Amino acid sequence: MMKSMHIQSSSFLNIHLEVTQALAQGQPVVALESTIIAHGMPYPQNVATAVEVEAVIRAHGAVPATIAVLEGKICVGLSREQIEVLGSTPDVMKLSRRDLPYAVSTGKPGATTVAATMIAAKLAGIAVFVTGGIGGVHRGASTSFDISADLQELAQTSVAVVCAGAKSILDLPLTLEYLETLGVPVVSVGQEEFPAFFTRSSGLKADFQLDTAQEQAKFIHTKWALGLKGGVVVSNPVPEEMEIPATQIDHIVAQALAEAAQQGITGKATTPYLLKRINELTGGASLKTNIALVKNNARVGAQLAVALAALK
Ligand code: PSU
Ligand code: MN
C-alpha cells in the first residue's frame, strides 16, 4: 500500500526521488543525521565518512537518506555535493527541534541533530535512523538543566534510532533513568550492557537484549502496533578491535569537560565543543573509532530496516 500521506514533498520538505520511490514501494530506507557531519567530525573525514556510511547502507539492501536543511527546505536524501557543502561550510547551524523553523524560514543552512532528524524522518515516513551517539543528560544537569532534546524527541516521535550508546561526556545512569521515565525502551545488540560509544562497556544494563534484526523489528513493530508512540534506542557496541579502553578515554573526557567549564561553554555549543576537544586530545584515535562505529551502526540499521519492511 502506498503511504502517500507521508511521502509527498511539500513547500517545506524535499524528499530525494530515489527515497520517494523506495518508500512508495515499501522498500527499506534508513535516515542519517548531519550534525555528526557538520559538528561531530573534522573536514574532510566528515564528508568521506558520510559517503561511506551511505555505501554501507546500500550494501545491506536499504536506501540511505541523509537529512539536513538547505535553502529553506528539510532535505531528506542529499546529493554528494550537498554533503560536501554541509561538511565544509564553517557556519552551518546545529538544528534541534526548536531550531528547525528558524532555518527553514530564513533559508540558512543547518545540520540536523538526532531530535531534528527524527522529526524529518517521521515526516517522510522513514522508520529507522542511524547515528553515532545520542544526546542525553549532561553531567551536572542538576544545576545546568542541560538535558538533550533528543530524549524528549525519543519520547514522542516513532522512529527507531540505531546508535553506539552515548558518550561518557554525559551522565549515562541519569540518561537511562530519564529514558525510562519517558517510556523509551533501550535495546542492546549482542550484549546485555548499554554501550558507552568509545567503549563497549558502561557498567549499565540496557532494558532488553535483542541480537537479530528480526527480533528488533518484531519488538519495534509490536510497540507501534500497540499504539505506543515514540522511539526505540537500538544500542550497538563499537567493534571490539576499534574500542578505546575506558582507562584511556576517561581522563580525556574529564579534561574536555573541565576546559568547557573553564571557558563557560553552555547550551547547544557544549556537545560540539566536547566532541572536537576529544578528537584533538586523542590525536585522531577517537575519530577512527567514531568512523568505525557509525559504519557498524549503518549495517545494523540497514538490516533492521530490511526486517521491518518485510513485516509490513
Ligand atoms: N553525540 C555524539 N556525536 C554527535 C552528537 C552527539 O557522540 O555528533 C550530536 C548528535 O547530533 C546529537 C547532538 O543529536 O549532538 C546532541 O546535542 P545536544 O547535546 O546539544 O542536544
Ligand atoms: Mn543541551
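In each ligand, atom 1 is the first atom listed, and ligand 1 is the first ligand listed. All values derive from a computational prediction rather than experimental measurement. All values below come from the heavy atoms of this structure, side chains included, with hydrogens, waters and symmetry mates left out.
Between Pro272 and Lys94, some side-chain heavy-atom pair lies under the 4.5 Å cut-off. Taking the side chain as every heavy atom from C-beta outward, Leu274 and Leu257 approach each other to under 4.5 Å.
Looking at Ile134 next to ligand 1, no N or O pair under 3.5 Å apart turns up.
Looking at atom 21 (O) of ligand 1, its nearest protein heavy atom turns out to be Ser148 OG, 2.7 Å. Ranking the protein heavy atoms by distance from atom 9 (C) of ligand 1 puts Thr35 CG2, 4.0 Å first. Distance from atom 11 (O) of ligand 1 to its nearest protein heavy atom, with residue and atom name: Glu33 OE1, 2.7 Å. Annotation: atom 1 (N) of ligand 1 to nearest protein heavy atom, Gly133 O, 3.5 Å.
Asn46 contributes a side-chain N or O that, together with a main-chain N or O of Ile37, makes up a donor-acceptor pair within less than 3.5 Å.
Few gaps surround CD on Gln263; more than 12 heavy atoms of other groups in view lie less than 6.0 Å from it.
Here the CG atom belonging to Leu174 is positioned 9.5 Å from the CG atom belonging to Leu172, to the nearest 0.5 angstrom. Rounded to the nearest 0.5 angstrom, Leu123 CG and Phe12 CZ are separated by 11.0 Å.
Not a single heavy atom of His39 lies less than 4.0 angstrom from ligand 1. Ligand 1 lies out of reach of Met41, whose nearest heavy atom is not under 4.0 Å from it.
Arg97 has a carboxylate O that lies under 4.0 Å from a charged side-chain N of Glu153, or vice versa, which qualifies the two as a salt bridge. Here Glu259 pairs with Arg277 in a salt bridge; the nearest charged N to carboxylate O distance falls below 4.0 Å.
Near Lys94, meaning under 4.0 Å from any of its heavy atoms, are these atoms of ligand 1: 17 (O), 18 (P), 20 (O). Close approach to Lys167 involves these atoms of ligand 1, each under 4.0 Å from a residue heavy atom: 2 (C), 3 (N), 7 (O). Each of the atoms 7 (O) of ligand 1 lies under 4.0 Å from some heavy atom of Phe197. For ligand 1, the atoms lying closer than 4.0 Å to a non-hydrogen atom of His138 are 19 (O).
For the residues Leu275, Leu293, Ile36, the heavy atom positioned nearest atom 4 (C) of ligand 1 is part of Leu275.
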When you look at Ile126 and Leu23, which way does the side chain to side chain contact (heavy atoms under 4.5 Å, CB included) test go after all the steps?
-> CA-CA 8 Å; Ile126 302 172; Leu23 290 168; 4.2 Å; yes

Please lay out, stage by stage, how Gln27 and Glu18 fare under the test side chain to side chain contact (heavy atoms under 4.5 Å, CB included).
-> CA-CA 11 Å; Gln27 286 166 359; Glu18 186 192 10; over 6 Å; no

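The part of Asp150 lying near ligand 1 is the side chain, judged by heavy-atom distances below 4.0 Å. Under 4.0 angstrom from ligand 1, the non-hydrogen atoms of Thr271 all belong to its side chain.
Residue-level check: among N/O/S atoms of Asp146, OD1 sits closest to the Mn ion (ligand 2).
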